[in-house]
Amino acid sequence: MSATPHEAAPHEGVPGEAASRHEGVPQQPGGAPEASEQPEAPGQLLAPTPSQTIGPFYGYALPFPGGGDMAPAGHPDTVTLYGRVVDGAGEPVPDALLEFWQAGPDGSLRGAPGSLRRDPATGAVVGRDGVDFTGFGRVPTDADGRYVLRTLPVTAPAGRPDAAPYIAVCVFARGLLHHLFTRVYFPEDTAAHAADPLLSRLPARRARTLVARADGERRYRFDIRLQAAGAGDGGEECDEETVFLEFR
């Protein structure tokens, strides 16, 4: 994918820096084109291989030691973000995998190497060095669909004066042929939310699904709902599906 998790392409019908995808059951990409539809002319680009999931095998290969500890060990400004990943019925998704990207303290999106260090002798992944902030985290959910991330306070991306601070999130899960992108914004940045290119263009009820809830000192809760639960007795929407984004 050519875009980074911080570069959202506008989606048809929704203006702005990033757009929510169609509400409802998470959409899956179509199958690969028939062989006769593949371009044959020299120099013509082939369609990219569609993203797909069989398994999942996340617990075996992808989690790494300290994947949820983005903040350097013992950092006094560490904040905790936690929550659950649930389906449309509110049931936990026990084998999802979440990846997080965050701007550095200076607003840089370049990140830093060091999250996936390997033992030079055995080749085993030994995880972070405990000192550097790399801006990347990877956390599997547990049997109750829960995850925990410990990171530094968020900052807005440098060079984007209208953007509110956020963490970019990518969701992988059983049955999702295409991973889902979303964002986590924080309640203390309400003034910045009003001008944010994404939040300012969403209906209030939808924007709320992207804002974490304060839960104690330096603690925030952010649940991810993969599908809406339906309408309430009065016809109002309840248990909104989390807003997901399309990147190009």
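Numbers for residues simply follow the sequence, beginning at 1.
A salt bridge does not link Arg213 to Asp223: none of the charged side-chain nitrogens sits closer than 4.0 Å to a carboxylate oxygen. The residues Asp215 and Arg221 are annotated as not salt-bridged, no charged nitrogen and carboxylate oxygen being separated by less than 4.0 angstrom. At a threshold of 4.0 Å, the pair Arg205-Glu240 counts as salt-bridged, since one of the basic side-chain nitrogens sits closer than that to a carboxylate oxygen.
Across all non-hydrogen atoms, the minimal contact from Pro105 to Phe133 is CD-CD2, 3.9 Å. In terms of heavy atoms, Val85 sits closest to Ala96 at CG1-CB, 4.4 Å. Nearest heavy-atom pair across Ala212 and Pro187 is O-CD, 3.3 Å. When all heavy atoms are compared, the tightest approach of Trp101 to Cys170 is CZ3-CB, 3.5 Å. Shown here for Asp129 and Val131, the closest heavy-atom pair between the two residues is OD1-N, 2.8 Å.
Looking at Arg160, its side chain never comes within 3.5 Å of a backbone N or O of Ala156 through a donor-acceptor pair. Under the 3.5 Å distance criterion, the side-chain polar atoms of Asp189 are left unmatched by any main-chain donor or acceptor of Ala192. Counting only distance, with no hydrogens or angles, the side chain of Asp132 and the backbone of Thr134 share no donor-acceptor pair below 3.5 Å. Of the possible donor and acceptor atoms, one in the side chain of Gln102 sits under 3.5 Å from a partner among the backbone N and O of Leu152.
A donor-acceptor pair shorter than 3.5 Å can be found between the side chains of Asp196 and Tyr185. The closest side-chain donor-acceptor pair between Thr80 and Arg219, if any, does not fall under 3.5 angstrom. Judged purely by distance below 3.5 Å, without hydrogens or angles, the side chains of Thr182 and Thr242 never pair a donor atom with an acceptor atom. Side-chain polar atoms of Arg225 and Thr209 form no donor-acceptor pair below 3.5 angstrom.
Under a hydrophobic-cluster definition in which Ile, Leu, Val, Met, Phe, Trp and Tyr are linked whenever side-chain heavy atoms come within less than 4.5 Å, directly or via other members, Ile167 and Tyr82 are assigned to different clusters. Linking ILVMFWY side-chain heavy atoms closer than 4.5 Å, directly or via other members, places Leu62 and Phe172 in a single hydrophobic cluster. No continuous path of hydrophobic side-chain contacts links Val86 to Phe222 [ILVMFWY only; heavy atoms under 4.5 Å]. Residues Val184 and Met70 share a single hydrophobic cluster, defined by chaining ILVMFWY side chains whose heavy atoms lie under 4.5 Å apart.
When side chains are defined from C-beta on, Val211 counts as touching His193, because their heavy atoms get closer than 4.5 Å. For the pair Arg117 and Val126, the minimum side-chain heavy-atom distance is below 4.5 Å.
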For Leu226 and Val171, run side chain to side chain contact (heavy atoms under 4.5 Å, CB included): C-alpha distance rounded to whole Å, both residues' side-chain angles, the deciding distance at 0.1 Å, then the answer. CA-CA 9 Å; Leu226 300 181; Val171 182; 4.3 Å; yes

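Glu246 contributes atom CD, which lies 11.5 Å from atom CG of Leu180 (distance to the nearest 0.5 angstrom). Here Glu91 contributes atom CD and Asp144 contributes atom CG; the two are 11.0 Å apart, rounded to the nearest 0.5 Å.
Evaluated for a salt bridge (Lys or Arg N to Asp or Glu O under 4.0 Å) with Asp69, the options Arg138, Arg128, Arg150 yield exactly one hit, Arg150.
Aromatic ring pairs are classed by plane angle as parallel below 30°, tilted from 30° to 60° and perpendicular above 60°; the pair Tyr220 and Phe186 is perpendicular.
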